[in-house]
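One structure is given below, encoded as structure tokens.
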Protein chains: 2
Amino acid sequence: MPIPLPLVGDEPQERRDAARNRDALLVAADALIAEQGVDAVTMEAIAARAGVGKGTVFRRFESREGLMAALLNRSESAFQAAIISGPPPVGPGAEAMERLLAFGHARIALNLLHRRLIIAAGRAGTRNYATVSFTAMHVRYLLTELGVRGDLPFFATALLAPLEVPVLEQQVEIEDMQVNRIVEAWDDLVRRVVAG
Amino acid sequence: MPIPLPLVGDEPQERRDAARNRDALLVAADALIAEQGVDAVTMEAIAARAGVGKGTVFRRFESREGLMAALLNRSESAFQAAIISGPPPVGPGAEAMERLLAFGHARIALNLLHRRLIIAAGRAGTRNYATVSFTAMHVRYLLTELGVRGDLPFFATALLAPLEVPVLEQQVEIEDMQVNRIVEAWDDLVRRVVAG
DNA sequence: GCCTAAAACGGACCGTGGTCCGATTTTGTT
DNA sequence: AACAAAATCGGACCACGGTCCGTTTTAGGC
């Protein structure tokens, strides 16, 4: 009497064709984005390039935003890995303040690098629950280590907010701020919050 | 030899039918939004309700985002007026710190009140150059008055960033933060930045 | 009032994101 | 190997934002 229960994880295992098509779609999306830029790539083009129907794309990724989020997810996972188990100063081993500043610098660089993709991913991207809560949790943890008093969840969010793509884009593209300046000013902000 | 120069302002004066239709469209949009919510309202529905063709809507407001921004603009103008010439503590007359905190509280309330509209207005909305630069300029001015040292343009942006709709929405709707708590925590943040 | 140029109108048309459902493939069972 | 159920596939189809262009309205000089 075998009971077909998915004992661990709620992903019931992907069928072979499904997995193959998912990979093909990610590869196709990467290639097309590299060729024409994020904004010019349509879902139908991706489907065609991957040799599947449009319906398949939406079944796998829910929406355009979902697909973009899936692309982002890979670099985001690498970033999380670097934080959890990578070398200092981003990874463990450096003191908290050093780690916090290094984290911010990396976040800024990453957000600028992937800004088009992040915007295209919309609510499914950086605002995605998993990503947001991980980074917020990390910052909260570092603030705790630093002995900061006050509403730590809010402070974490407040320190992360000016690193969001729309804000960075406004500063870099419209107000002509140099990235260097943003980094230094953010460091100053962090020190003030920590100093209490 | 009369030269038809628009001496002041570059708006060459709207034709009568154009003005009439613009008003009708704003009224129609207001009504439909009140009835069905921002997200359910289509441009075609607005046009129909106003008794004009779809093309007219886009000629007047450029895009859906532009129309939403126009709706927002009215309350945004009132807010700016309150800052420039309204009663304290938001308007002039109170001391700088009091004004800054009052400004933040008002901004939070306004952003939450109009969040659907602000999201629908996208880049044309809060991220709109005029609005952003006005509020940033005001905060910068108050920070100057408070004798804050450092990169004031960045600090102004950094204090405004956590008040943006996506951030507020995340906190209120997903993390179940009370608005009161956000307000108090933001005040704390401001004091730390000002304290240097 | 009439005439003309400029401006605005409106709805047919297009592209793209997203849905639906009959056809096809996979998987496990016997 | 054959079969059946379940999952997937794929492309026709839909809705909505946005564009285009022939037609109509306005403004204002005579």
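Here is how names work: the chains are called A, B, and so on, in the same order as the sequence lines, proteins then strands, and each is numbered from 1.
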B:Glu65 CD to D:dG17 P, in whole Å, measures 11 Å
Look at A:Thr56 and D:dG10 and indicate whether a side-chain polar atom (N or O) is within less than 4.0 Å of OP1 or OP2.
yes
To the closest 0.5 Å, what do you measure between CG (A:Asp187) and CG (B:Asp151)?
11.5 Å
Same cluster (ILVMFWY, side-chain, under 4.5 Å), A:Ile84 and A:Leu142:
yes
Checking contacts here: which listed nucleotide (D:dG10, C:dT26, D:dT26) is nearest the side-chain heavy atoms of B:Arg20?
D:dT26
What does B:Arg16 touch in the nucleic acid at a heavy-atom separation under 4.0 angstrom: a base, only the sugar-phosphate, or nothing?
sugar-phosphate
Nearest heavy atom decides the nucleotide; on that basis, is A:Gly51 or B:Phe58 closer to the 5' end of DNA chain D?
A:Gly51
Without decimals, in angstroms, what is the distance between A:Arg22 CZ and C:dT26 P?
16 Å
When every non-hydrogen atom of A:Leu26 is compared with those of A:Leu67, the smallest separation belongs to CD2-CD1, 4.0 Å
With a 4.0 Å cut-off on heavy atoms, is A:Arg60 in touch with a base, just the backbone sugar-phosphate, or nothing at all?
sugar-phosphate
Considering all heavy atoms of both residues, which atom of A:Phe154 and which atom of B:Gln171 are nearest to each other, and what is their separation?
CD1-NE2, 3.6 Å
Heavy-atom nearest nucleotide on DNA chain D taken for A:Lys54 and for B:Arg64; more 5' hit belongs to A:Lys54
Does B:Asn21 make a side-chain N or O approach to OP1 or OP2 of C:dC9 shorter than 4.0 Å?
yes
Reckon B:Arg59 touches a base, only the sugar-phosphate, or nothing at all at heavy-atom distances under 4.0 Å?
base
Can you tell me how far C1' of C:dG17 sits from CD1 of A:Ile46, to the nearest Å?
12 Å
What's the CD-C1' distance between B:Glu14 and C:dA6, to the nearest Å?
15 Å
Would you kindly check whether a donor in the side chain of A:Arg15 faces an acceptor in the base of D:dA7, or vice versa, at under 3.5 angstrom?
yes
